[in-house]
Amino acid sequence: TLAQIHTAQEDQSATEEMYQKALTLFEQIGSQIGLVRAQLSYAQFLGQQGQAAEATTMEQKVRDEAEKMKLCLIGGEY
């Protein structure tokens with residue numbers, strides 16, 4: 001994804017912007033699977049940026065939602 005490219009380029013601002021756009025888009029179009037995947041990826045990004053508390057909270061929320069949807073998340077993928 002573009003967010004991952006920006007992460008690799010160490011452009012935190014652009015990465016954050018891409019994740020926010022993706023999350024908003026998935027919400028707007030009603031894609032729960034896309035939203036869950038993007039949220040999990042974003043949580044992992046936050047963890048890499050040293051925001052462990054926020055990342056842990058978000059990841060648990062995402063995993064709970066995935067369980068309700070009967071999705072199996074393994075290694076950040078469903």
Side-chain angles (χ1 to χ4, degrees):
T1 67
L2 287 175
Q4 291 166 325
I5 292 169
H6 289 301
T7 300
Q9 295 173 337
E10 298 181 6
D11 188 342
Q12 287 181 295
S13 178
T15 301
E16 181 76 30
E17 183 180 339
M18 287 296 108
Y19 274 119
Q20 292 305 320
K21 284 182 179 183
L23 295 171
T24 299
L25 178 63
F26 285 127
E27 286 177 0
Q28 288 175 344
I29 65 173
S31 174
Q32 288 296 352
I33 293 173
L35 182 59
V36 165
R37 289 188 70 201
Q39 287 172 328
L40 183 58
S41 182
Y42 183 51
Q44 292 167 345
F45 164 74
L46 292 175
Q48 293 168 353
Q49 300 306 308
Q51 299 177 43
E54 186 175 351
T56 300
T57 299
M58 178 178 280
E59 184 171 343
Q60 187 57 54
K61 177 184 166 192
V62 169
R63 291 191 181 280
D64 290 346
E65 186 63 30
E67 186 176 324
K68 290 177 192 173
M69 297 169 63
K70 306 290 188 213
L71 292 176
C72 179
L73 298 175
I74 300 172
E77 298 295 327
Y78 67 93

Any donor-acceptor pair under 3.5 Å from Ser41 side chain to Arg37 backbone: no
State, without any angle test, whether Gln44 and Gln48 hold a side-chain donor-acceptor pair at a distance under 3.5 Å.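 No, Gln48 and Gln44 have no side-chain donor paired with an acceptor closer than 3.5 Å.
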Atom pair [atom1] ([X]) and [atom2] ([Y]), whose distance is rounded to the nearest 0.5 Å:
X     : Y     : atom1 : atom2 : answer
Ile29 : Thr24 : CD1   : OG1   : 11.5 Å
Tyr19 : Leu23 : OH    : CG    : 9.0 Å
Glu65 : Gln60 : CD    : CD    : 12.0 Å

Apply salt bridge (Lys or Arg N to Asp or Glu O under 4.0 Å) to the pair Glu59 and Arg63, showing each step before the final yes or no. CA-CA 6 Å; Glu59 184 171 343; Arg63 291 191 181 280; 2.9 Å; yes
Would you call Lys21-Glu17 a salt bridge at under 4.0 Å N-O?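 Salt bridge between Lys21 and Glu17, a charged N being under 4.0 Å from a carboxylate O: yes.
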Would you mind reporting whether Phe45 and Gln51 have side-chain heavy atoms less than 4.5 Å apart? no
Taking only residues two or more places apart in sequence or in another chain, which ones pass side chain to side chain donor-acceptor pair (under 3.5 Å) with Gln39? none
Of all the heavy-atom pairs spanning Ala55 and Gly47, show the shortest one and how long it is. CB-N, 3.4 Å
Inspect the surroundings of CD in Glu67 and state if more than 12 heavy atoms from other residues, nucleotides or ligands are less than 6.0 Å away.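 No.
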